[in-house]
Amino acid sequence: MDRSSDLIRQAEQTVAEYKDIVNQDKYRLHFHLMPPVGLLNDPNGLIQWEGRYHLFYQWNPFKTAHGAKFWGHYSSSNLVDWKEEKIALAPSEWFEKNGCYSGSAIEDNGKLKLLYTGNVKDEMGNRKTYQCLAESTNGIDFHKKGVVLRLPEGYTAHFRDPKVWKYEEKWYMVIGAQSEQLDGRAVLFSSNDLEEWTIIGDVAGTNLNGLGNFGYMWECPDLFQLEHNDILLVSPQGLKPEGMLYNNVYNTGYFVGRLDYQTGVLEHGEFFELDRGFEFYAPQTTVDNQGRRLLFGWMGVPEQEEDKHPTISHHWIHAMTIPRELLFRDGRIYQQPVKELQNLRKNELTLTDVRIEPEYSFSQLEGSVYELQMHVEEFEAEQLEITIKDSVRLMFNKNEQVFTLERVSLSTGAPEVRQCQLTNLTKLQVFVDTSAIEIFINDGKEIFTARMFPDVDNKRMVFQARDGHVKGSIQKWDF
Ligand code: FRU
């Protein structure tokens with residue numbers, strides 16, 4: 001048996017061995033994609049190919065820790081019902097022996113092609129990096145074509161996560177990198193055939209294009225157009241917390257600008273965080289046949305209390321966000337849950353003329369897995385608070401103009417917060433899963449994504465207004 005088949009067989013055995021244990025976990029997710037066993041991280045190779053959506057993911061089947069990653073594979077016709085496909089890539093070859101790291105997918109001449117990073121550690125523990133190509137004619141079985149790009153001069157081996165797209169008949173690829181001066185960078189390449197790549201130059205990075213120190217490594221870049229703007233999405237490492245910003249160990253956000261395809265330079269404005277919650281990193285986008293720019297993010301952050309997740313005792317960790325559509329409004333990205341998620345709605349509850357003063361809750365509002373919407377019609381209070389399962393609290397303070405998500409810390413058990421500035425609250429859309437929450441504020445202007453680990457029997461949802469009242473309507477659907 002060849003090495004790849006052998007690794008795949010071992011991974012499949014591990015899935016089979018732990019299936020029951022994973023399935024018995026009370027925190028197993030209902031509508032978020034999670035690994036069948038082991039550790040899931042970045043979304044990879046997101047594409048709609050021949051009508052079907054494909055989402056690959058970084059996966060260590062053998063442990064709930066990072067390691068030599070495989071590419072796991074899910075596919076779907078509607079972004080809601082997902083099928084677990086055969087493993088797409090296993091780290092079997094010399095150029096990827098320590099992991100088939102992150103990358104992207106494109107359609108070329110009827111084939112589905114993957115560009116990814118081969119991660120290698122030599123005998124001395126030194127890192128090597130190779131950008132690799134694999135292709136498929138059926139979208140399921142991948143044939144590895146090997147290394148297509150080696151490390152260019154001027155960068156350390158922290159050089160990975162190719163995102164490829166086509167622009168005016170040419171292929172372009174942006175890679176996350178670290179310069180020899182240890183500055184985080186995104187680097188642009190071009191190619192006519194996906195096999196021979198030419199460097200164009202640095203797109204953006206620490207100490208470039210007017211940006212100061214902005215981290216020592218940039219991971220998982222993505223470059224695309226939204227309403228005639230060029231957007232660079234990137235996950236920089238090494239940002240220091242600044243008030244409400246950059247409070248996670250590593251952070252993710254975007255620059256809006258104009259890309260010069262000749263020089264590779266992106267003239268850009270400031271960096272905006274894409275998600276203000278506790279767990280969000282390394283998102284990837286694609287455009288589908290309805291012209292929508294879709295995004296999945298990893299609901300996790302590297303090295304951020306990963307060993308404290310209670311799901312580890314059931315041999316799995318981490319999940320994907322729900323699929324989101326990106327829109328561009330007033331110079332910013334808005335994210336909205338894809339409309340297909342409405343197909344999951346059951347048992348609608350609609351409450352109009354709700355008056356929260358000082359407290360509002362009743363049994364029909366309880367739930368374990370659901371979507372909640374609230375339209376605010378009158379906000380005559382200092383603060384609105386929504387407590388979910390006695391585990392997380394959503395708060396909007398009108399005087400301070402601050403939105404807060406509070407939860408119990410996974411490591412200390414003490415309350416911890418993530419916050420953002422918000423001038424007013426008009427709408428909340430909240431997706432609650434057994435151990436995850438995603439909060440879309442004011443039609444997707446701000447998002448908070450987090451894991452939560454409540455008592456499973458706790459279904460409580462309580463609305464409270466401090467110093468006044470809040471009026472509006474509430475809708476809830478079981479999922
Ligand atoms: C981001 C990342 C990528 C890398 C992958 C390895 O989370 O570190 O840069 O390709 O994960 O799993």
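Order of listing sets the numbers, starting from 1, for every ligand and every atom in it. Values below: every heavy atom of this structure, side chains too, minus hydrogens, waters and symmetry copies.
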Ligand-side contact atoms (ligand 1) for residue partner Ser102, heavy atom cut-off under 4.0 Å: 5 (C), 10 (O)
Quick one, Gln290 with Gln48, criterion side chain to side chain contact (heavy atoms under 4.5 Å, CB included). Give me CA distance, side-chain angles, the key distance, then yes/no. CA-CA 10 Å; Gln290 299 171 42; Gln48 187 184 30; 6.0 Å; no
Any donor-acceptor N/O pair, Glu340 side chain to Pro323 backbone, under 3.5 Å: no
Could you tell me, atom by atom, which parts of ligand 1 come under 4.0 Å of a heavy atom of Tyr281? 1 (C), 7 (O)
Which is it for Asn119 and ligand 1 at heavy atoms under 4.0 Å: side chain, backbone, both or neither? neither
Is any N or O atom of Glu219, backbone or side chain, closer than 3.5 Å to an N or O atom of ligand 1? yes
How far is atom 4 (C) of ligand 1 from its nearest protein heavy atom, and which residue and atom is that? Asp161 OD1, 3.5 Å
Is the Tyr101-Tyr116 ring centre distance short of 6.0 angstrom? no
When the ring centroid of Phe328 is compared with that of Tyr334, is the distance short of 6.0 Å? no
for atom 7 (O) of ligand 1, nearest protein heavy atom and its distance come out as Asp42 OD1, 2.7 Å
Based purely on interatomic distance, does Asn41 place a nitrogen or oxygen under 3.5 Å from a nitrogen or oxygen of ligand 1? yes
Taking the ring of Phe56 and the ring of Phe142, is the distance between their centroids below 6.0 Å? yes
Can you tell me which residue and heavy atom of the protein come closest to atom 6 (C) of ligand 1, and the distance to 0.1 Å? Gln58 OE1, 3.2 Å
Does the side chain of Lys128 pick up a donor-acceptor pair with the side chain of Asn98 at under 3.5 Å? no
So, is His66 polar-close to ligand 1, with some N/O to N/O distance under 3.5 Å? no
When you measure from the centre of the six-membered ring of Phe296, is the NZ or CZ of Arg324 closer than 6.0 Å and no more than 45° off the axis? no
Looking only at distances, can you tell me whether any N or O atom of Trp298, backbone or side chain, sits closer than 3.5 Å to an N or O atom of ligand 1? no
